[in-house]
Amino acid sequence: MAVPLELLLPLVALGYLSGSWLGSLTVCRLAGRGDPRLAGSCNPGVSNVLRLYGLRLAFATLLLDAVKGMPVLWLAMGLGFPPWAQGVVGLGVLLGHSYPVWHRFRGGKAVASAFGVMLVLAPWVALVCAACWALLAWRVRTAAVASLVSAALAPLASVWLAPEYTGVVIAFTALVLARHVLNIQRLGRGNEPGL
């Protein structure tokens, strides 16, 4: 199904803008804590907030990063966008989180944001990946391993649980894996920080 560019492009831009709001900065500021980009792994994501400031602030960061793109995705679905166009809007959210213009294009790894986007588009895939992430994070105690395995599982789970979104999920996975290149290198050297 064709989607007019005059409808698609504004929603992609809205997705990018909503994604570019980094939840960890708001959470840490409100809690009177330091900028997570200046300590630990220097990443404004859930895992670094967990390492630096504990479970409560990490959960709040996860919540904000997961829900921030949902309204624009609901709008895309309400306008009858086909799965591929919903995915393009969702990709806008992930690109906003990963490369926010307000922060010199230095954002997060897009794991929590991808979870939120998939929770709208392919909820069962999101829940399977979240369960995988939680289990691996608990057993291995390394967020990067949990994130990489969960991201790799997502396309396989989508073939079974949401086949109409498989191409979309592959694109999300590619972005998340690309954002973890440095983590993969550190894992190879054996110096990736644990949780």
Next item on the list: Please answer: with hydrophobic residues joined when any side-chain heavy atoms are less than 4.5 Å apart, are L52 and V111 in the same cluster?
Entry: no

Checklist line | Heavy-atom side-chain proximity of Q86 to V168 below 4.5 angstrom | finding: no

Item checked: Any pair counted as side-chain hydrogen bond (donor to acceptor under 3.5 Å, both in side chains), so long as it reaches residues 107-132, sequence neighbours left out -> H97-S113, K109-N183

Checklist line | Pairs flagged by side-chain hydrogen bond (donor to acceptor under 3.5 Å, both in side chains) wherever residues 52-64 is involved - sequence neighbours left out | finding: none

Check: Do S18 and V93 pass the side chain to side chain contact (heavy atoms under 4.5 Å, CB included) test, and can you show the C-alpha distance, the side-chain angles, and the key distance before you say yes or no?
Finding: CA-CA 6 Å; S18 64; V93 174; 4.1 Å; yes

Checklist line | Pairwise distance CG(L153) to CG(L136) - rounded to 0.5 angstrom | finding: 9.5 Å

Margin query: Quick check on the hydrophobic clustering: are L156 and M118 connected, directly or via other members, by side-chain heavy-atom contacts under 4.5 Å?
Written below: no

Next item on the list: Kindly indicate, with the supporting measurements, whether the criterion side chain to side chain contact (heavy atoms under 4.5 Å, CB included) is fulfilled by F81 and V88.
Entry: CA-CA 10 Å; F81 281 19; V88 171; over 6 Å; no

Check: Taking atom CH2 of W74 and atom CE of M70, what is their separation to the nearest 0.5 Å?
Finding: 6.0 Å

Checklist line | Residue pair V101 / Y16, side-chain heavy-atom distance below 4.5 Å | finding: yes

Note to self: Would a single hydrophobic cluster contain both L17 and F105, if residues Ile, Leu, Val, Met, Phe, Trp and Tyr are joined by side-chain heavy-atom contacts under 4.5 Å?
What the structure shows: yes

Check: When rounded to the nearest 0.5 angstrom, what distance separates CZ in R29 from CG in D35?
Finding: 7.5 Å

Notebook entry, point to check: If we only count heavy atoms from C-beta on, is the V3 to P82 side-chain gap below 4.5 Å?
Noted result: yes

Check: Pick from L11, L121, V117: which one makes a side-chain contact (heavy atoms from CB on, under 4.5 Å) with V89?
Finding: L11

Note to self: Any side-chain to backbone donor/acceptor pair from N43 onto N48? Under 3.5 Å, distance only.
What the structure shows: no

Check: Do you reckon L62 sits in the same ILVMFWY cluster as L127, going by side-chain contacts under 4.5 Å, direct or chained?
Finding: no

Item checked: Point-to-point distance, once rounded to the nearest 0.5 Å, from CZ of F172 to CG of L175 -> 9.0 Å

Note to self: Nearest 0.5 Å, please: how far is CG in L8 from CH2 in W84?
What the structure shows: 5.5 Å

Note to self: Can you confirm whether L22 sits close enough to P100 that some side-chain heavy atom of one is under 4.5 Å from a side-chain heavy atom of the other?
What the structure shows: yes

Note to self: Checking S24 now: which residues fulfil side-chain hydrogen bond (donor to acceptor under 3.5 Å, both in side chains) with it, not counting sequence neighbours?
What the structure shows: none

Check: Do the side chains of L63 and V27 join up, straight or via other hydrophobic residues, at under 4.5 Å, putting them in one cluster?
Finding: no

Next item on the list: Evaluate the side chain to side chain contact (heavy atoms under 4.5 Å, CB included) criterion for residues H103 and L25: first the C-alpha distance (whole Å), next the side-chain angles of each, then the deciding distance (0.1 Å), finally the verdict.
Entry: CA-CA 11 Å; H103 303 294; L25 303 188; 3.5 Å; yes

Checklist line | CH2-NZ distance between W21 and K68, expressed to the nearest 0.5 angstrom | finding: 8.0 Å

Item checked: Test item: S158 and Y165 side chains (from C-beta on) under 4.5 Å apart, heavy atoms -> no

Check: Cation-pi between R179 and Y99: NZ/CZ under 6.0 Å from ring centre and within 45° of the ring axis?
Finding: yes

Notebook entry, point to check: Would you call L57 and R33 a side-chain contact if the rule is heavy atoms closer than 4.5 Å?
Noted result: yes

Margin query: Among residues at least two apart in sequence or on other chains, which ones pass side-chain hydrogen bond (donor to acceptor under 3.5 Å, both in side chains) with W160?
Written below: none

Next item on the list: Indicate yes or no for a side-chain donor-acceptor contact from D65 to the backbone of G23 under 3.5 Å, with no hydrogens or angles considered.
Entry: yes

Note to self: Among residues at least two apart in sequence or on other chains, which ones pass side-chain hydrogen bond (donor to acceptor under 3.5 Å, both in side chains) with S20?
What the structure shows: W102

Next item on the list: Any pair with a residue in residues 144-154 that passes side-chain hydrogen bond (donor to acceptor under 3.5 Å, both in side chains), sequence neighbours left out, goes on the list, sorted by first then second residue, please.
Entry: W133-S147

